[in-house]
> 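My questions all concern the structure below.
Note that the coordinates shown come from a computational prediction; the quantities given were computed from them, not determined experimentally. Lettering of chains follows the sequences in order, A, B, ..., and the numbering in each one begins at 1.
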Amino acid sequence: MITLVKGFHDILPEESSRWSFVTESARWCLKKYGYREIITPIMEKTELFVRGIGQVTDIVEKEMYTFQDLGGESLSLRPEATAGILRSVVEHSLLRKEPVLKLFTIGPMFRRERPSKGRFRQFFQLNAEALGDDDPFIDAETIACACSILESIGAKGLLVEVNSVGCKTCRNVYRVELKKYLEKHLDGLCQDCQRRLNTNPLRSLDCKAHGCSEIVKSAPLIVDYLDEPCREHFSGVRRGLDLLNISYHLEPRMVRGLDYYSRTAFEIIDTDLGNTKAVGGGGRYDTLLAELGGPEVSGIGFAIGIERLLMGLRDEDERFARNVDIYVAALGEPCRETCHMLVDFLRKNGFTVETRYSSYSLKSHMKQADRVGAQKTIIVGSDELENQSVTVRDMSTRNQAIVPMDDILTFLRGDGD
RNA sequence: GAGGGCGUAGCUCAGUUGGCAGAGCACAGGGUUGUGGCCCCUGAGGCCGUGGGUUCGAGCCCCAUCGCUCUCCCCA
């Protein structure tokens, strides 16, 4: 038996209705907020991710599926969607036609991590990006949009955490101060934090090791180092959220894994999933577009993990039950041709129809009708064939009627009202 | 990368000091010659993850190996 690639997973028919319920709800929400769908390739030149995400991030250093294609070029499966979307925007000069662009995409991402609960090597993400506007209210709108998607699906126990990580200027000042502070408590830090003190001291802020979290509690906070424009922007974001009645926690120690974030950063955590499992997150980026050869405008975006969202949903929901309008049961060889045509005729008139072609007893036809969730079963046997009629059984009331073949459509339609 | 848990029927799992391979659910047929869900009966379905070792005899003990899963790290 040839099995799945480790960390990949199948979405079986049983789950797929829940799956598309989630993605369709999300599409409808995004549309309300003015986002349009963009579908970009799942593979890009490796260089795009190195430039976009940052060479020294965990993702690029050790989690990418990178390989050389036959032409010798280095390609990578996308570990996240933003870089590819922005590449496409720049390549097709979309921002010249439209100075403010709102785009979303839904598709698989790939990271070669150790799989665990809610973490896969191939996972689906919904990704939304609003480009060309740095007004704080659009940050608030973006967070509201993410919340609205999650609420529309019925996710419970959500917590929105917001922070500002400042711009390059103020973050540099802060980094120096933070580093000074951490150096004073060097002995208490875990090995990881000691190692990255010079490369990325901000990472220590959300280190879960006991020693580190204690030390970090009284560390200087980035909010106290924001320069005037960043401070003003951040308070504008909070004002925007207040006006929309979005409840949120200020999380002054939140930093995010991707290097490109500036100013607004946020995460949405599903507390039901336990252990700080983020179901979504995002933030603003000031320089990413320019770095990819685009105009000097900023953007803000977020990602939602579809699998994690699904984990929070209850299994038994009637919305996801299997059902068809009509099951057609043919009894015996002479009826097969009539039923074959009848099934086709009903489908062409807008009904969802199921049948089985090989000969079965009526009993097993009925079981099958039950299994596929048929509202009605049409039975065609020798009696019916002789009279040019069919028997229509309502599966929930068990009422049956003999209907002339010619009247079948009017009967089925009239009965439905 | 570090550390736990688990591999027996399609699924969830029992399996006694080593002695014929089990249950529930699901599936198929019947009880009802043309009627589903509930009930009853019957049936089919197994290289007990794989390879080796100990033994008269291994699902069980030993060694190796592969796979899955969870935790930490990090994230979605």
> Is E80(A) touching bases, backbone alone, or none of the nucleic acid, heavy atoms closer than 4.0 Å?
nothing
> If the C1' atom of rU12(B) is compared with that of rC72(B), how far apart are they to the nearest Å?
29 Å
> Are any of the side-chain nitrogens in D270(A) or R308(A) under 4.0 Å away from the carboxylate oxygens of its partner?
no
> How long is the line joining CZ of R121(A) and P of rU69(B), in whole Å?
10 Å
> Rounded to whole angstroms, how far apart are CD on Q368(A) and P on rG29(B)?
11 Å
> Taking atom P in both rA14(B) and rC6(B), compute the distance separating them and give it to the nearest angstrom.
10 Å
> For the side chain of Q400(A), counting heavy atoms from C-beta on, which of rG36(B), rU35(B), rA76(B) is nearest?
rU35(B)
> Could you state the atom-to-atom distance from CD1 of I149(A) to P of rA76(B) in whole Å?
15 Å
> What does Q122(A) touch in the nucleic acid at a heavy-atom separation under 4.0 angstrom: a base, only the sugar-phosphate, or nothing?
nothing
> Could you tell me which nucleotide pairs with rC56(B) by Watson-Crick or G-U wobble geometry, both distances under 3.5 Å, or answer none if nothing does?
rG19(B)
> Could you let me know what rC48(B) is paired to, Watson-Crick or G-U wobble, both distances under 3.5 Å, or none if it's on its own?
none
> What is the distance, rounded to the nearest whole Å, between atom CZ of F8(A) and atom P of rU69(B)?
13 Å
> For K363(A) and rG34(B), is the shortest distance between a side-chain N/O and OP1 or OP2 below 4.0 Å?
no
> Of the listed nucleotides (rA76(B), rA28(B), rU35(B)), which one gets closest to any side-chain atom of R356(A)?
rA28(B)
> Sticking with atom P, work out how far rC61(B) lies from rG29(B), rounded to a whole angstrom.
41 Å
> Less than 4.0 angstrom from a charged side-chain N to a carboxylate O is my criterion; do E183(A) and K180(A) meet it?
no
> Identify which nucleotide among rG34(B), rC68(B), rA76(B) has an atom closest to any side-chain atom of R111(A), counting heavy atoms from C-beta outward.
rA76(B)
> Would you mind checking if K102(A) and E141(A) are paired as a salt bridge, meaning a charged N to carboxylate O distance below 4.0 Å?
yes
> Would you mind reading off the distance between M366(A) atom CE and rG30(B) atom C1', rounded to a whole angstrom?
18 Å
> Report the distance from atom CD1 of I269(A) to atom C1' of rC75(B), rounded to the nearest whole Å.
11 Å
> Using Watson-Crick or G-U wobble geometry with both distances below 3.5 Å, tell me the partner of rG3(B), or none.
rC70(B)
> In whole Å, measure the gap between the C1' atoms of rC41(B) and rC60(B) for me.
34 Å
> Under a 3.5 Å limit for both distances, which nucleotide forms a Watson-Crick or G-U wobble pair with rU42(B), could you say?
rA28(B)
> Using a cut-off of 4.0 Å on non-hydrogen atoms, how would the nucleic acid contact of I306(A) be classed: base, sugar-phosphate, or nothing?
nothing
> Strictly below 4.0 Å, N to O, side chains only: are R121(A) and E113(A) in salt-bridge contact?
no
> Do E384(A) and T391(A) pair up side chain to side chain, a donor and an acceptor below 3.5 Å, judged on atom types alone?
yes
> Which part of the nucleic acid does R371(A) contact within heavy-atom distance under 4.0 Å: base, sugar-phosphate only, or nothing?
sugar-phosphate
> Heavy atoms from C-beta onward define the side chain here; which of rG36(B), rG30(B), rA76(B) lies closest to that of S361(A)?
rG30(B)
> As a test of reading the structure: which of rC74(B), rA76(B), rG36(B) is closest to the side chain of A278(A), going by heavy atoms?
rA76(B)
> With the side chain of E113(A) defined as its heavy atoms from C-beta on, choose the nearest nucleotide among rA76(B), rU35(B), rC68(B).
rA76(B)
> Please measure how far the C1' atom in rG59(B) lies from the corresponding atom in rG18(B), and state the result in whole Å.
10 Å
> Expressed as a whole number of Å, how far does the C1' atom of rC20(B) sit from that of rG3(B)?
41 Å
> Determine, using ring centers only, whether Y357(A) and H340(A) are less than 6.0 Å apart.
yes
> Among rG36(B), rU71(B), rG34(B), which is the nearest nucleotide to the side chain of M395(A)?
rG36(B)
> When you compare rG19(B) with rU55(B), how far apart are their C1' atoms, in angstrom units rounded to a whole number?
12 Å
> Please work out if F124(A) contacts a base, only the sugar-phosphate, or nothing of the nucleic acid, heavy-atom cut-off 4.0 Å.
nothing
> Does the Lys NZ or Arg CZ of R171(A) fall within the cation-pi geometry relative to Y174(A) - under 6.0 Å from the ring centre and within 45° of the axis?
no
> Once you apply the 3.5 Å cut-off to both distances, tell me the Watson-Crick or G-U wobble partner of rA76(B), or none.
none
> In whole angstroms, how far is the C1' atom of rG37(B) from the CG atom of D370(A)?
5 Å
> Below the 4.0 Å mark, does rU71(B) have OP1 or OP2 next to a side-chain nitrogen or oxygen of S116(A)?
yes
> Scan T3(A) against the nucleic acid and name what it touches under 4.0 Å (heavy atoms): base, sugar-phosphate only, or nothing.
nothing
> In whole angstrom, give the distance that lies between atom CE of M311(A) and atom P of rA76(B).
14 Å
> Look at the side chain of E384(A) against the base of rG34(B) and say whether a donor-acceptor pair falls under 3.5 Å; ignore hydrogens and angles.
yes
> Between Q125(A) and L4(A), which has a closest nucleotide on RNA chain B that is more 5'?
L4(A)
> Using atom P in both nucleotides, what's the gap between rC68(B) and rG45(B) to the nearest angstrom?
29 Å
> Please compare R398(A) and R114(A) by the position of their nearest nucleotide in RNA chain B and report the one closer to 5'.
R114(A)
> When you check the gap from the basic side-chain N to the acidic O, do R27(A) and E37(A) get nearer than 4.0 Å?
yes
